[in-house]
Amino acid sequence: MTETAILPEPPTLVIRPPRKWVPINFSELWSYRELLYFFVWRDVKIRYKQTGLGVAWAVIQPLFTMLIFSVIFGGFAKIPSDGLPYPLFTLAALLPWQLFSEGMTRSTTSMVSNANIMTKVYFPRLIMPIAGILSPLVDFLVAMIILILMMAYYGFVPTVNVIFLPAFVLLALATSLGVGLWLSALNVQYRDFQYTVPFLIQLWMFASPVVYSTSLVPAQYQLLYGLNPMAGVIEGFRWVLLGTAPPSGVIGLSVIVVLFLLVSGAFYFKKMEQYFADIV
Amino acid sequence: MTDDIAIRVNRLGKKYKISHNTAAYKTLGETITNAVKNPIRRLKGEGLSRSTEEFWALKDISFEVEQGEVLGIIGRNGAGKSTLLKILSRITTPTEGTVEVHGRVGSLLEVGTGFHPELSGRENIYLSGSILGMKRTEIDAKFDEIVKFAEMEKFLDTPVKRYSSGMYVRLGFAVAAHLEPEILIVDEVLAVGDAKFQQKCLGKMSDVAKEGRTVLFVSHNMKAVSSLCQTGLLLNNGSVYARGTASAMVAKYNEMCSGDVVSCRPIFDYARRENQPASITRVRVADQSGTATLIHSILHPILIDVEFVVLKPISHLDVWLGILSLDGSLLFQTCHRDQESYGAGAAPFRAVVDPGRYRARVELPAPLLNEGSYELHLSLQAGTLQFDARRGIIFTIEDENTFASSVLGVRRDGYFCMPIPWKMELVEEEWVD
C-alpha cells in the first residue's frame with residue numbers, strides 16, 4: 001500500500017481558456033458561504049464605523065424621505081393613497097425600494113471596488129454582487145422597526161398575509177441582484193455604468209408605485225406596468241402590511257421578469273468573469 | 001504514476017492585448033468614438049495595430065509538479081512568473097492550454113490580502129483569513145497562534161490604518177502563514193518586512209515545506225529559493241528555459257544574468273536581442289567631462305548613455321533607468337519622459353518611435369547617491385511590455401572626504417545624500433512653560 005492510497009482523493013480542477021457559457025457551480029458557491037458572510041459583515045461594519053451617526057442613518061433616511069414625500073405628494077399634490085394615511089402608504093413602499101436601490105448600487109460597484117482583492121486571490125466572483133445586495137438588509141431590518149411603530153401609531157395590524165412578506169423581500173433582493181449582475185460586469189469594462197446608477201434609480205423610482213398607487217395606472221397599461229418587478233414588490237408590501245388589494249395583476253409578470261434578469265445576468269457575469277482580473 | 005501529480009500544466013499560453021491607452025478599462029464614449037474613428041484611421045492608412053499590440057506573456061509552457069514537491073519558480077523580470085502564478089491561482093484565465101490541479105489551492109500573492117484599514121487587527125484576521133480560504137472554525141482555532149506569530153497582542157483592537165508598515169506586514173504574513181491548503185502558491189511575499197521578521201517567515205516557510213505539502217514559490221531571492229526548494233523551474237521570455245534541482249536552476253539563473261555582466265569596463269556592448277523589436281546595444285557610463293569611468297565622485301554628476309535600435313515603429317517606447325543597491329533593492333527609477341510627464345508636456349506624449357538607432361542620455365545629478373556601489377538597470381519598454389533589459393553594470397561613488405562626512409562631521413548613512421533645504425527659526429525667546 002502506498003501512502004497516497006490512504007488519503008482521500010483530492011478534488012481535481014481543470015483550468016482552461018475562457019468559454020462562452022460557463023455554468024454556475026452552486027456547490028462551490030455554497031462552500032464559500034462563510035466568505036459571503038464576511039463580506040457582508042465587513043460592508044455593514046465599515047458603513048457604521050465610518051459614519052458619525054452610525055445605525056441612525058438606517059432610520060433617518062427613510063424617515064426624512066417619508067416626511068418630504070408626505071408633504072409634497074400627499075399634502076400639496078394630494079395624490080390618492082388608497083385610503084391610507086399617506087406617510088404610512090409611502091413608508092411601506094420606501095423600505096423595499098431602498099433595499100432594492102441600495103443593493104443595486106452596491107452590487108454594481110462591488111467588482112471594481114474590490115479589484116485589489118480580485119487580482120490577488122480566487123473565490124467565486126459571484127460572491128461580490130451577492131454580498132452587495134445582502135448588506136442593505138441590516139438597514140432594512142432596522143427601518144422595519146420604524147414602520148412597525150408607525151403602524152401602531154395609526155392603529156394598523158398586519159393581515160395574516162404577512163407570512164408572504166419574506167417572499168416580497170426575496171423578490172426585491174432578486175431584482176437588485178439581477179440588475180446588479182448585469183451592471184457589475186459591465187462596470188468592470190465601462191466605468192460609465194456606476195455613474196448611470198443614481199440616474200437609473202431616480203427614473204425607476206418614479207416608474208414604481210412609491211409615491212402613488214398602482215390603481216392610478218390606467219387598466220390597459222397595468223400589464224405593461226407589471227414589467228417593473230418593483231411594482232409587484234411594493235404593492236405586495238402594502239397588501240400584506242396595510243391590507244390593500246393584492247398585486248395579483250402584476251405579480252406573475254414581475255416574477256417572470258426577475259427570473260429573466262437573474263438568469264441572463266448570471267450568464268453574462270459568468271462569461272465576463274473570466275476576463276475581470278485582466279481588465280479591472 | 002499519475003496519482004502523484006499535484007499540478008500538470010499542459011501547453012499553457014497567455015496573451016495580453018496591450019492597448020496604449022492610459023487605462024485598461026474603457027469608457028463607453030471611447031469605444032464609440034474609436035468605432036467611428038477607426039474606419040477613418042484605416043482610410044488614412046494608419047493600422048489598428050498601433051493602438052493595440054498583442055503580447056504573449058506565456059507561451060507553450062508545460063511542466064508537472066509532484067505532490068509534496070517544493071518548487072522554486074525563477075526568472076528575470078518579465079519572464080512570465082507572475083502571469084503563471086495568476087493562472088495557477090485562478091485569478092486569470094489562460095489563452096490556451098490547460099492546467100490540471102489536484103488538491104485545494106491557497107495562494108499568497110500579497111501580504112495582507114483583503115485587509116481593510118478601518119477594521120481592527122482582530123477583525124482583519126478573520127476577514128483576510130476567510131478571503132484566503134480558511135474556515136471560520138479554523139481561524140478561531142489558530143487565532144492565538146496568529147497573534148503570537150505577528151507579535152502584536154497589544155494592538156489587536158487598533159484599526160489597521162494606524163499600524164506601522166512593519167506591523168501591517170507582520171500581521172498579514174501571520175494570517176497567510178497559517179493557511180493549510182494542499183497546494184500553496186507563494187509570490188515573493190517574503191521580500192518585505194525587516195530582516196529579523198524575514199528570517200522568521202523563511203523559517204515558517206521551510207516548516208510548511210517539510211510538512212509534505214506542495215509549494216510553488218516565486219522569488220528573486222536566490223538564497224531563499226536554494227534553501228527552501230528542492231526543485232526549480234527557470235522561465236525566460238514566457239517559456240520554460242530549464243527545469244531541474246533548485247541549486248542547478250539557481251546556478252543557471254546566475255549564469256544567465258552574468259551573461260549581461262562585463263565587469264570593470266565603463267562601456268558595455270550588447271548583441272541585439274533576437275525577435276525583439278527594440279534592443280539595447282550599448283551602455284556607457286562617464287563622468288562630467290565625458291570620460292568613461294565606473295568610479296565617480298560624490299560631488300559630480302554621472303552621464304549614462306544608452307544606445308538602442310528599434311526595428312519597427314513602437315508607440316510609447318520608454319527608456320527606463322533604475323538604480324539598485326548591491327543587495328538588489330531598487331532605489332529609484334527614472335524614465336526618459338520624466339520631464340515631460342511632470343512638465344507642461346511640450347513634447348507629444350504618445351509619440352511613435354520609428355525604426356532606427358537611438359542614443360538616450362541621462363545625467364544623474366550630484367550629490368544624490370551616497371558613497372558606495374550601485375548597479376544600473378536599464379530597460380526598453382512600452383507601458384509594462386518589456387523589450388529588453390540589461391543590468392549588472394556596477395559603478396562606485398567615492399566621497400573624497402568632502403560632502404557626506406565633512407559637513408556634519410559624521411558619516412551620513414543611507415543610499416542618498418542630497419542636501420535638502422531646511423528652515424529653522426527662533427519662535428520665542430526665553431520661553432517658559
Side-chain angles (χ1 to χ4, degrees), chain A residues 2-5 7-19 22 31-39 41-43 45-51 111-112 114-125 127 186-193 195-196 273-280, chain B residues 1 3-4 6 9 12-14 16-17 23-31 67 86-110 113-114 116-119 123-124 126-137 159 182-183 187 212:
Chain A
T2 55
E3 268 181 71
T4 46
L7 293 167
E9 183 66 18
T12 300
L13 165 90
V14 181
I15 299 169
R16 53 172 101 245
R19 287 170 289 171
V22 189
S31 71
Y32 276 89
R33 60 193 181 279
E34 275 190 0
L35 181 60
L36 175 63
Y37 163 79
F38 274 112
F39 275 134
W41 168 84
R42 177 194 71 174
D43 289 349
K45 197 129 198 168
I46 288 160
R47 190 165 142 86
Y48 291 148
K49 253 187 194 178
Q50 283 176 326
T51 52
M111 305 301 292
V112 171
N114 288 297
N116 60 333
I117 302 176
M118 269 190 357
T119 51
K120 292 292 185 271
V121 68
Y122 171 81
F123 53 85
R125 304 306 187 207
I127 299 264
L186 283 166
N187 194 38
V188 174
Q189 219 179 350
Y190 305 106
R191 298 294 147 94
D192 304 68
F193 282 90
Y195 305 113
T196 60
E273 174 189 64
Q274 306 174 89
Y275 305 96
F276 282 163
D278 293 339
I279 53 179
V280 76
Chain B
M1 240 178 68
D3 285 342
D4 294 341
V9 176
L12 199 68
K14 173 78 181 176
Y16 282 107
K17 284 201 181 81
Y25 61 85
K26 306 172 257 196
T27 63
L28 261 184
E30 251 176 85
T31 309
Q67 306 250 348
K86 281 197 169 167
I87 294 171
L88 294 180
S89 37
R90 297 175 71 191
I91 290 161
T92 186
T93 47
T95 311
E96 54 179 41
T98 55
V99 185
E100 269 173 55
V101 183
H102 303 270
R104 208 159 66 99
V105 178
S107 48
L108 307 175
L109 303 192
E110 179 191 43
T113 309
H116 196 287
E118 296 286 339
L119 298 177
E123 291 163 337
N124 270 310
Y126 278 92
L127 183 62
S128 180
S130 171
I131 289 171
L132 291 174
M134 280 193 246
K135 295 260 168 274
R136 197 184 179 158
T137 48
E182 287 140 323
I183 301 168
D187 187 16

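These figures come from a predicted structure and were not determined experimentally.
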Practice task
Below 4.5 Å from any heavy atom of chain B, which atoms of A:Y37 appear? Answer side chain, backbone, both or neither.
Solution key: side chain
Handout entry: Closest-packed option against chain B by number of heavy-atom pairs under 4.5 Å, given A:K45, A:E273, A:K120
Key = A:K120
Completion exercise
Looking only at A:I117, A:L186, A:I46, most heavy-atom pairs under 4.5 Å shared with chain B are made by A:I46
Practice task
Pick one of side chain, backbone, both or neither for B:T113, based on which atoms fall under 4.5 Å of a heavy atom in chain A.
Solution key: side chain
Exercise for the section: Could you look at B:L88 and say if it's the side chain, the backbone, both or neither that has a heavy atom under 4.5 Å from chain A? Expected result: backbone
Exercise for the section: Tell me, out of B:I131, B:L12, B:T95, who's got the most heavy-atom pairs with chain A below 4.5 Å. Expected result: B:I131
Problem - Parallel, tilted or perpendicular: ring planes of A:F39 versus A:F123, cut at 30 and 60 degrees - result: tilted
Practice task
Would you please classify the geometry between the A:F193 ring and the A:Y190 ring as parallel, tilted or perpendicular, with 30° and 60° separating the classes?
Solution key: tilted
Problem - Under-4.0 Å salt bridge between B:K14 and A:D278 - result: yes
Exercise for the section: May I ask you to test the B:L119-A:K49 pair for a side-chain heavy-atom distance under 4.5 Å? Expected result: yes
Fill in the blank from the handout: Here the gap from B:Y126 atom OH to B:M134 atom CE, rounded to the nearest 0.5 Å, amounts to 10.5 Å
